[in-house]
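Quick note: numbers below take in every heavy atom, side chains included, and nothing from hydrogens, waters or symmetry partners.
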Amino acid sequence: QVQLVESGGGLVQAGGSLRLSCAASGRTFSSYAMGWFRQAPGKERECVAAINWSGSSTYYADSVKGRFIVSRSNAKNTVYLQMNSLKPEDTAVYYCAASLYLRSVLADTGAGVDYWGKGALVTVSS
């Protein structure tokens, strides 16, 4: 069992930055691939970034490529999402997700995810 708790959401002006953190419980965090998803009102959930168990492989959605950076610290049981050059269209609830395989994190808008956090709201004002 893995429990995920996001933090770092909030209100920021367009062009600003935020860093989300996701703290995981359990001693097997380093075994899991991790992902960051977001869902805006009326829109489908999408995976914006993902990282494999070691941090050697990452994925970014085209909409955030070059602006967001995903990283992890297995020593701290934490995964991060650094969000730069934020835009109003980045406004959404951001969810942390875990699965044993990176391909599962990336599949079917989250259908393959084993564990979810409760989400953190990010609001970007214009």
Side-chain angles (χ1 to χ4, degrees):
Q1 188 80 6
V2 175
Q3 292 185 324
L4 305 173
V5 180
E6 301 95 337
S7 62
L11 174 64
V12 64
Q13 288 189 330
S17 298
L18 279 176
R19 187 175 81 156
L20 300 179
S21 299
C22 173
S25 65
R27 293 175 291 178
T28 59
F29 173 76
S30 60
S31 300
Y32 285 85
M34 303 297 295
W36 285 98
F37 289 73
R38 69 184 181 187
Q39 188 163 26
K43 293 191 176 181
E44 192 176 56
R45 181 175 59 195
E46 65 169 333
C47 180
V48 296
I51 188 167
N52 72 337
W53 68 274
S54 67
S56 63
S57 182
T58 57
Y59 159 86
Y60 296 96
D62 288 342
S63 57
V64 306
K65 204 169 290 183
R67 301 188 296 123
F68 289 12
I69 301 171
V70 61
S71 62
R72 67 188 297 159
S73 168
N74 287 341
K76 296 182 178 181
N77 280 15
T78 303
V79 63
Y80 305 97
L81 185 67
Q82 178 66 44
M83 304 184 292
N84 301 319
S85 302
L86 283 162
K87 305 175 181 180
E89 51 264 43
D90 294 318
T91 295
V93 178
Y94 284 72
Y95 298 92
C96 179
S99 183
L100 283 176
Y101 305 104
L102 184 59
R103 63 178 182 270
S104 298
V105 174
L106 298 175
D108 298 331
T109 63
V113 167
D114 295 318
Y115 301 102
W116 292 96
K118 293 186 176 181
L121 177 62
V122 173
T123 304
V124 185
S125 63
S126 57

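Nearest approach of T91 to A40, heavy atoms of both residues: O-CB, 3.6 Å. Looking at every heavy atom in both residues, V93 comes nearest to G119 through CG1-CA, 3.9 Å. In terms of heavy-atom proximity, S125 sits nearest to L11 at CB-CD1, 4.3 Å. Between V113 and A98, the shortest heavy-atom distance links the atoms CG1-O, 3.6 Å. Closest approach of S17 to S85, counting heavy atoms only: OG-N, 4.3 Å. Across all non-hydrogen atoms, the minimal contact from Y80 to S21 is CD2-OG, 3.4 Å.
Contacts of S99 classified as side chain to side chain donor-acceptor pair (under 3.5 Å), with partners at least two apart in sequence or in another chain: D114.
Hydrophobic clustering (side-chain heavy atoms under 4.5 Å, transitive across Ile, Leu, Val, Met, Phe, Trp, Tyr) groups I69 together with V64. In this structure, F29 is a member of the same hydrophobic cluster as L100, with clusters built from ILVMFWY side-chain heavy atoms closer than 4.5 Å. No path of Ile, Leu, Val, Met, Phe, Trp and Tyr side chains, each step under 4.5 Å between heavy atoms, connects Y59 with M83, placing them in separate hydrophobic clusters. Hydrophobic clustering (ILVMFWY, side-chain heavy atoms < 4.5 Å, transitive): L20 and Y95 are in distinct clusters. Residues W36 and L86 are members of one and the same hydrophobic cluster, defined by side-chain heavy-atom contacts under 4.5 angstrom among Ile, Leu, Val, Met, Phe, Trp and Tyr.
Of the inter-residue distances, the one linking T58 atom OG1 with M34 atom CE reads 14.5 Å to the nearest 0.5 angstrom. Note that OG of S126 is 9.5 Å distant from CD of Q13, once rounded to the nearest 0.5 Å. Distance CH2/W53 to OG/S30: 7.5 Å, rounded to 0.5 Å. The distance from the CG atom of L4 to the OG atom of S25 is 7.0 Å, given to the nearest 0.5 Å. Annotation: the span from R38 atom CZ to R45 atom CZ amounts to 14.0 Å, rounded to 0.5 Å.
The closest donor-acceptor contact from the side chain of T78 to the backbone of K76 lies under 3.5 Å. In terms of modelled atom types and a separation under 3.5 Å, the side chain of N52 and the main chain of S57 share a donor-acceptor contact.
Between K65 and D62, at least one side-chain nitrogen of the basic residue sits less than 4.0 Å from a carboxylate oxygen of the acidic one, meeting the salt-bridge criterion. Between K118 and E6 there is no salt bridge, since none of the side-chain N atoms of the basic residue sits less than 4.0 Å from a carboxylate O of the acidic one.
Cation-pi contact between R72 and Y32: absent, since separation from the ring centre below 6.0 Å together with deviation from the ring axis within 45° is not met.
Counting non-hydrogen atoms of other residues, nucleotides and ligands closer than 6.0 Å to CH2 of W116 gives a total above 12. By the 6.0 Å contact criterion, CD on Q3 is open, its count of non-hydrogen atoms from other residues, nucleotides or ligands being 12 or less.
For residues 57-126, the set of pairs meeting the disulfide bond (SG atoms under 2.5 Å apart) definition, not counting sequence neighbours, comprises C22-C96.
Two residues are said to be in side-chain contact when any heavy atoms from C-beta on lie closer than 4.5 Å; S63 and E89 fail this criterion. The side-chain heavy atoms of V2 and T28, taken from C-beta on, include a pair separated by under 4.5 Å. The closest side-chain heavy-atom distance from R67 to Y60 is not below 4.5 Å.
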